[in-house]
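Worksheet: one structure, shown below.
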Amino acid sequence: MLYPQTNDARMVFSLDGVWNFRTVGETDYPSEWTTEALPEPIPMAVPGSYNDQNDMTDLYDVYGWVVYQRTFSLPERVIDGQRVVLRFDAATHAADVYLNGEKLGSHKGGFLPFEFDVTDNIKPGDNLLAVAIDNRINQSTLPIGNEGNVAFFGSDNAGIPSVEAGKRWAKPQNRPNFDFFNFAGLNRHVELYTTPRTYIADVAVTTKSITEGLNEGETGPAVIGYMVTLGGESTDERGDRVTVTIQDENGDTVATATGTRGEITLPAAHLWNPGAAYLYTAHVALAGPAEAKAESDEYDQTFGVRTVEVKDRKFLINGRPFYFKGFGKHEDSYFHGRGTDQLLNVKDVSLIHWLNANSFRTSHYPYAENMYDLCDREGIVIIDETPAVGMSWPQYTNKPLFEHHQQVIRDMIARDKNHPSVVMWSLANEPWYDQGGEKSENALKYFTPLYELAHEEDPQNRPVTIVCCQNDYTKDLVTRTMDVVCLNRYYGWYNLSGDLDAACYALNYELDWWEKIGKPVMFTEYGADTMEGVHGTHGKMWSEEYQRDYFARIDAEIDKRPWFIGEQLWNFADFVTIQGTMRVEGNRKGILTRDRQPKMAAHFLRGRWAAIPDFGYKG
Ligand SMILES: CCCCCC[C@@H]1NC[C@@H](O)[C@H](O)[C@H]1C(=O)O
């Protein structure tokens, strides 16, 4: 799915700004709220979660529907004869969309784009756009919501008559089976864009071969593959009117090709590398019929020349063994909630550089495209993750959920396939699947087809993984089948708490087991909750000294394992969760505070990572 672009053939109209907004709740929204002006609306900024934007009412407790509304008008002379598309970069978690009183359709899933062809719905003057959004999560959504009365890490005294009575009486609420606040709404950009009626619908670019061993700034022959998909009217005989021009970073043409698919040799290619990005542009042009130049289309698709491969328990980028240094993150900030904030993206990327990190995982959902674009140009490596978090054995026989999971994988790869920064797909975070017997078998039957689907859907055929929770690894049949074993481990925090000696012993006990499995292994989570300003001469849990010591001790152990290919800790920064006895204004495992100030561990890691090269750390 191409990101909207303004050029000689296309135009983008942003619908960001202040919309009208009303909460509805669990019942259905009134139909007149989608066909007439909202009564007594409050202002709501888009993009942005609605939860933190108004203190006259508690929008943290919304359970069910809200309705957004705005009007817009488009210049007739610009859209005349063009195709007009309404696109949502995301709407969390489910949306019904109406234009001028007509329902355009619905979308389920809160972290990937969807669009509607509104060519025949647009009218001169004001158009009324209404979007109803449902924030409810349950056992059949991704992420997973508990339908009982306790969330992940929620506390309870089950069985006590008064407590049970209180749980029955309590108003319905979302009970996330995951550890981040269920921020919702129009979290990302909303836009209208035009294309000709016959248009470029998709562009895929792959790297077929490179010259390995190039140093930064050196060039060598490379071969790329491309495929252009056309859409709209009379697309079949138009293939011969497609030209592809490859431009280097200076905008100079380095190669050209015609046709909707083929291979192109770049005689002196610059490689895209972590920390040394180089971006090319494939300028795709679809010539209109001679008699109608105005029907030509064009699209500029950036890409990087680089290969990714898992081989001999190494993670190779451009044939060299890469070592992941970084973290899991969240799209999470004051006031914006999970809303796209380009300034924060730029600041976070600067902090990734300041920390001498080179990568992050999009825990636990695909992030907004803007962040991937930034990482493409900044040479930061991404593990791209679906919103499948909080899963357990009941899900592995839930066929509608499996089909939704398949669609999410297709949509995530369709959106992110051209980003050189994306080097691996994560199918899920911490699915619980170590109960042994049929439950473990069902998990394997659920995830194996998804693993195969991700490989099939990706034209670049990147490695595929799943991120494994602290579990009984001997009964976990799934993790060991992935291309890379990604472990979330909390020795010294959730278990053997405060005892880093025992924690290191237990970690090595498990790593001895993984030694025999023959796959590359990395941490995708490890860490300790830390309150900035809490100190101690013998750093105890929650102190800044403990978080620093935790990483220093654990890292010393993984350094001893040549097949341990990376350390992504938990978390880049503190972030908001449900309220609960184990969370103080959220999860405090950040090495930065939520307002991006470094804790003591950040300084330790900055020094450690300065001494760890992107390539060849383990030989
Ligand atoms: C019993 C062990 C469970 C460890 C689970 C650790 C969790 N992994 C997923 C993340 O979203 C959580 O924030 C993290 C944690 O709680 O800080």
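Read the numbers this way: they start at 1 and go in the same order the structure lists the ligands and their atoms. All values derive from a computational prediction rather than experimental measurement.
Considering both main-chain and side-chain atoms, Arg583 comes within under 3.5 Å of ligand 1 through a nitrogen or oxygen pair. Where the criterion is an N or O separation shorter than 3.5 Å, residue side chain and backbone included, Asp179 meets it with respect to ligand 1. Where the criterion is an N or O separation shorter than 3.5 Å, residue side chain and backbone included, Gln470 fails it with respect to ligand 1.
Checked for salt-bridge contact, Asp574 and Arg596 miss the test: no charged N lies under 4.0 Å from a carboxylate O.
Protein heavy atom closest to atom 7 (C) of ligand 1, with residue, atom name and distance, is Glu525 OE1, 3.5 Å. Protein heavy atom in closest approach to atom 3 (C) of ligand 1: Cys469 SG, 4.2 Å. The single protein non-hydrogen atom nearest to atom 9 (C) of ligand 1 is Glu430 OE1, 3.1 Å, given as residue, atom name and distance. Remark: minimum distance from atom 15 (C) of ligand 1 to any protein heavy atom is reached at Tyr494 OH, 3.3 Å. Closest protein heavy atom to atom 11 (O) of ligand 1: His364 NE2, 2.6 Å. Taking atom 17 (O) of ligand 1 as the reference point, the nearest protein heavy-atom neighbour is Lys589 NZ, 2.6 Å. The protein non-hydrogen atom at the shortest distance from atom 6 (C) of ligand 1 is Tyr490 CE1, 3.4 Å.
Ring centroid separation for the pair Phe575 and Phe180 does not come in under the 6.0 Å cut-off. Aromatic ring centroids of His189 and Tyr3 lie 6.0 Å or more apart. Ring pair Trp570/His364: centre-to-centre distance below 6.0 Å. Checked against the 6.0 Å centroid threshold, Tyr526 and Phe551 count as a close aromatic pair.
In this structure, Phe180 does not count as a contact residue of ligand 1, since none of its heavy atoms falls inside 4.0 Å of the ligand. Assignment of Asn429 to the shell around ligand 1 is supported, since a heavy atom sits closer than 4.0 Å. Using a 4.0 angstrom heavy-atom cutoff, Phe575 counts as in contact with ligand 1.
Formation of a donor-acceptor pair under 3.5 Å by the Asn177 side chain with backbone atoms of Gly390 is found in this model. A donor-acceptor pair is defined here as one N or O able to donate and one able to accept, closer than 3.5 Å; no such pair exists between the side chain of Glu510 and the backbone of Leu507.
Remark: the Asp476 side chain and the Asn471 side chain contain an N/O donor-acceptor pair separated by less than 3.5 Å.
For Lys540 and Tyr546, the positive end is not near the middle of the six-membered ring at less than 6.0 Å and at most 45° from its axis.
Neither the backbone nor the side chain of Phe178 has a heavy atom within less than 4.0 Å of ligand 1.
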